[in-house]
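Note that the structure is a prediction, hence the values are computed from the model and not measured.
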Amino acid sequence: MPQTIPAAVHHELIIKKSRFIACVQPMPDRAGAQKVVAALRAAHPGAAHVCWALLAGGQSAAVDDGEPSGTAGRPMLDVLRHQDLEGVLATVVRYFGGVKLGAGGLVRAYTDSVAQALLGAQKIAIIRQRHLACRAPYPLEGLVRRELEGAGATLDEVAHADDVRFGFHLPDDAAAALVARLNEAGNGRIDWLKIDPE
């Protein structure tokens with residue numbers, strides 16, 4: 001099950017006089033990640049590199065920022081993937097200490113920086129939600145409300161007109177059972193307006 005982290009976590013490593021300042025933080029998209037990276041560059045003008053990796057669905061990225069190709073961004077991204085994370089940005093600011101680490105040493109340094117930061121991160125499961133909408137005659141309003149509450153659904157909106165319209169969301173894996181229960185309890189008098197997985 002994919003997970004994310006709720007807050008930024010930092011970790012710093014010194015390897016052969018080079019300083020690696022790592023941060024992992026929640027991030028939904030590439031535009032947000034690029035703003036964070038730009039802010040890091042501004043905050044660390046003396047840094048040799050600001051490498052980063054983003055795991056956010058179709059907007060994922062791995063950037064070496066001048067390090068030899070494949071020695072920074074890709075290993076950082078692999079750490080995020082290995083931990084089944086989603087919507088997470090990893091950044092590492094490197095201050096060069098004068099001693100070259102070689103390709104293998106760089107891969108280890110960037111991998112360890114991100115892995116160590118993640119050791120201090122709280123991980124929370126991402127529960128996919130489904131948004132549903134239905135309408136029911138007034139006599140069924142109480143039944144629908146009880147079923148929604150029993151299924152752990154969250155009401156987004158209720159509108160009263162010729163009938164009662166409900167908009168709500170609930171965990172994706174509970175949606176089919178709720179729809180079946182409401183269809184049976186409502187004897188076909190509940191109309192589904194939309195069923196959209198998020």
Side-chain angles (χ1 to χ4, degrees), residues 1-15 18-41 44 47 49-94 101-132 151-154 156 168-179 195-198:
M1 173 178 292
Q3 301 179 97
T4 193
I5 59 176
V9 180
H10 299 83
H11 187 77
E12 188 172 324
L13 287 177
I14 306 286
I15 301 170
S18 279
R19 184 174 165 212
F20 295 85
I21 305 165
C23 178
V24 290
Q25 64 192 84
M27 186 60 55
D29 56 36
R30 190 182 296 234
Q34 289 169 327
K35 286 179 186 170
V36 169
V37 171
L40 283 172
R41 284 200 176 100
H44 297 275
H49 309 280
V50 179
C51 303
W52 58 283
L54 173 68
L55 199 53
Q59 299 192 38
S60 298
V63 178
D64 294 318
D65 190 40
E67 292 283 29
S69 181
T71 61
R74 179 65 58 193
M76 293 164 64
L77 187 64
D78 289 344
V79 172
L80 299 178
R81 282 195 176 121
H82 180 72
Q83 297 203 23
D84 201 16
L85 293 169
E86 177 65 28
V88 175
L89 169 66
T91 56
V92 177
V93 175
R94 180 187 182 196
L101 302 180
L106 287 172
V107 169
R108 279 190 300 281
Y110 283 102
T111 298
D112 289 351
S113 294
V114 173
Q116 292 294 321
L118 284 169
L119 286 176
Q122 176 192 1
K123 295 180 184 107
I124 51 176
I126 297 173
I127 299 172
R128 302 281 180 218
Q129 297 286 310
R130 179 161 309 172
H131 292 269
L132 302 172
T154 301
D156 300 320
F168 57 94
H169 65 274
L170 73 163
D172 188 60
D173 59 0
L178 173 65
V179 169
I195 300 179
D196 297 324
E198 191 171 70

Any donor-acceptor N/O pair, [X] side chain to [Y] backbone, under 3.5 Å:
| X | Y | answer |
| --- | --- | --- |
| D65 | V50 | yes |
| T91 | W52 | no |
| D64 | E67 | no |

Quick check: are there more than 12 heavy atoms from other residues, nucleotides or ligands sitting under 6.0 Å from NZ of K35? no

Would you please classify the geometry between the H169 ring and the H131 ring as parallel, tilted or perpendicular, with 30° and 60° separating the classes? tilted

Does some side-chain heavy atom of [Y] sit less than 4.5 Å from a side-chain heavy atom of [X]?
| X | Y | result |
| --- | --- | --- |
| L118 | V9 | no |
| Q129 | P171 | yes |
| R130 | L178 | no |
| R94 | S18 | yes |
| Q83 | V88 | no |
| V92 | L13 | no |

Nearest heavy atoms of [X] and [Y], plus distance in Å:
| X | Y | result |
| --- | --- | --- |
| P68 | L106 | CD-CD1, 3.6 Å |
| L101 | A109 | CD1-CB, 4.3 Å |
| A72 | C51 | CB-SG, 3.6 Å |
| I5 | P26 | O-CB, 3.2 Å |
| S60 | R30 | O-NH2, 2.7 Å |
| Q122 | P6 | O-CD, 3.1 Å |

Can you check side-chain contact (heavy atoms from CB on, under 4.5 Å) on H44 and I21, steps first, answer last? CA-CA 10 Å; H44 297 275; I21 305 165; 4.0 Å; yes

Before giving the answer on side-chain contact (heavy atoms from CB on, under 4.5 Å), spell out for R74 and Y110 the whole-Å C-alpha distance, their side-chain angles and the decisive distance to 0.1 Å. CA-CA 9 Å; R74 179 65 58 193; Y110 283 102; over 6 Å; no

V24 and L85: side-chain contact (heavy atoms from CB on, under 4.5 Å), yes or no, with the steps? CA-CA 11 Å; V24 290; L85 293 169; over 6 Å; no

